[in-house]
Amino acid sequence: MKEKLQKIRENAIAQIESSDGLAKLNEVRTTILGKKGELTAVLKGMKEVAPEDRPKVGQWVNETREAIENCLEEKKTKLEAEALRLKYESEKIDVTMPAEKHLTGNLHPMTQVKNQLVDIFGSMGFEVYEGTEIETDHYNFTALNTPQDHPARDMQDTFYLSPEYLLRTQTSAGQIHVMENKKPPIKIISPGKVFRSDDDATHSPMFSQMEGLVVDKGINLCDLKGILDVFVKKIFGENTVTRLRPSYFPFTEPSVEVDVSCFQCGGKGCKLCKGTGWIEVLGAGIVNTKVLEGCGIDTNEYSGFAFGIGIERIAMLKYGINNIKLLFESDLRVLEQIDD
Ligand code: DAH
């Protein structure tokens with residue numbers, strides 16, 4: 001019997017020693033000490049042992065059990081320590097590693113320019129009026145002194161939704177809504193999308209404009225020039241100035257085309273300004289009295305100026321972009337470079 005127990009003990013210790021994990025060790029514990037374990041079998045067989053030998057055999061069994069339990073406990077402590085060491089090892093942080101780079105987003109160049117325009121004119125007291133992209137022929141054309149068959153309609157290729165409704169071709173349509181709903185003094189800007197059937201390197205069927213309208217007593221072209229000078233200095237640099245050239249728009253009289261002195265060459269002439277020293281930036285003028293009267297504004301008392309800025313054009317000039325499509329393609333290589 002003593003030999004048998006010795007065998008069980010040696011066998012158990014060998015199994016314990018070779019256990020390579022806590023789960024395996026638990027398995028070993030059950031096979032040896034569990035209900036169906038070898039040691040339990042010996043205890044169960046005690047009835048066959050002669051009564052006078054039972055205390056002695058009992059003591060051997062207990063010693064064997066104790067030795068195995070001690071061994072199990074020791075191994076458990078070792079395996080736990082090892083598991084902890086491996087855990088710490090795997091969680092070790094190398095503080096000398098360079099930090100992971102995270103991309104930071106920024107606003108789209110068009111949004112940046114629009115926000116800048118709104119800030120500049122907002123600081124001069126202009127309120128923002130947001131018009132609608134779907135307009136009637138009346139607001140987009142007729143009320144702006146461009147009735148049916150007016151040759152100026154050919155200047156803008158229009159997407160009609162029905163004979164009456166269209167996608168607005170110009171934010172100027174908003175002028176009429178404002179003047180119909182508000183008495184002078186009026187001082188608004190109206191940024192938004194406009195649509196024309198037009199598509200090349202500098203034109204897109206959908207683009208953005210920002211309209212400006214001031215109506216008050218005694219408004220003249222000098223007021224317009226003063227405001228636009230502030231605008232170009234803030235957008236293109238302190239050293240830039242504006243120049244007004246005669247032009248034609250049905251809703252303004254007189255009408256002007258506004259140039260900014262070239263911010264790249266300072267007016268000497270370069271590729272950007274095509275050697276002229278000037279860059280065309282927007283259309284403007286004194287609001288045609290027919291337009292004011294159509295909105296019920298007394299032209300003996302009030303006059304106004306209006307202007308229309310192409311926002312893509314400003315963004316392209318400001319950031320040196322030569323194809324309008326780059327502003328609509330969401331190419332990160334382009335967008336990442338523009339963060340004002
Ligand atoms: N609506 C014109 C266009 O889209 C731009 C424009 C010119 C607007 C003169 C104005 C203006 O308010 O006075 O071509």
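Just so you know, ligand 1 is whichever comes first in the structure, and atom 1 is the first atom listed for that ligand. No hydrogens, no waters, no symmetry mates; every other heavy atom, side chains included, goes into these values.
- A donor-acceptor contact shorter than 3.5 Å is absent between the side chain of Thr240 and the backbone of Ser261.
- Ligand 1 places these atoms under 4.0 Å from at least one heavy atom of Gln175: 12 (O).
- Short contacts between ligand 1 and Gln209, defined as distances under 4.0 Å to a heavy atom of the residue, involve ligand atoms 3 (C), 4 (O).
- At under 3.5 Å, a nitrogen or oxygen of Ala306, whether backbone or side chain, sits near a nitrogen or oxygen of ligand 1.
- Within the 4.0 Å heavy-atom criterion, the part of Ser172 lying near ligand 1 is the side chain and not the backbone.
- Here atom 1 (N) of ligand 1 lies nearest to Gln170 when heavy atoms of Glu211, Gln170, Glu253, Glu257 are compared.
- Not a single heavy atom of Phe305 sits closer than 4.0 Å to an atom of ligand 1.
- Near Phe249, with a cut-off below 4.0 Å to any heavy atom, the atoms of ligand 1 are 7 (C), 9 (C).
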Verdict with supporting geometry, Lys225 and Asp229, salt bridge (charged side-chain N to carboxylate O under 4.0 Å, His left out): CA-CA 6 Å; Lys225 189 164 174 12; Asp229 270 324; 3.4 Å; yes
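- Arg196 counts as a contact of ligand 1, since one of its heavy atoms falls under 4.0 Å from the ligand.
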Start with the C-alpha distance between Gln148 and Thr142, add both sets of side-chain angles, then the distance that settles side-chain hydrogen bond (donor to acceptor under 3.5 Å, both in side chains), and finish with yes or no. CA-CA 7 Å; Gln148 284 291 343; Thr142 312; 6.0 Å; no
List the steps, then state whether side-chain hydrogen bond (donor to acceptor under 3.5 Å, both in side chains) holds for Glu211 with Gln175. CA-CA 8 Å; Glu211 197 75 9; Gln175 289 186 26; 2.6 Å; yes
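- Of all the atoms in ligand 1, the ones that sit under 4.0 Å from a non-hydrogen atom of Gly285 are 13 (O).
- Looking at Ser255, its side chain does come within 3.5 Å of a backbone N or O of Phe249 through a donor-acceptor pair.
- Remark: the backbone N or O of Glu17 is paired with a side-chain donor or acceptor of Lys75 at under 3.5 angstrom.
- Closest to atom 11 (C) of ligand 1 among all protein heavy atoms lies Phe251 CE1, 3.5 Å.
- Side-chain polar atoms of Glu10 and Gln6 form a donor-acceptor pair below 3.5 angstrom.
- No donor-acceptor pair under 3.5 Å is formed between the side chain of Thr40 and the backbone N or O of Lys36.
- Of all the atoms in ligand 1, the ones that sit under 4.0 Å from a non-hydrogen atom of Thr252 are 13 (O).
- Atom 5 (C) of ligand 1 has its closest protein heavy atom at Gly308 CA, 4.1 Å.
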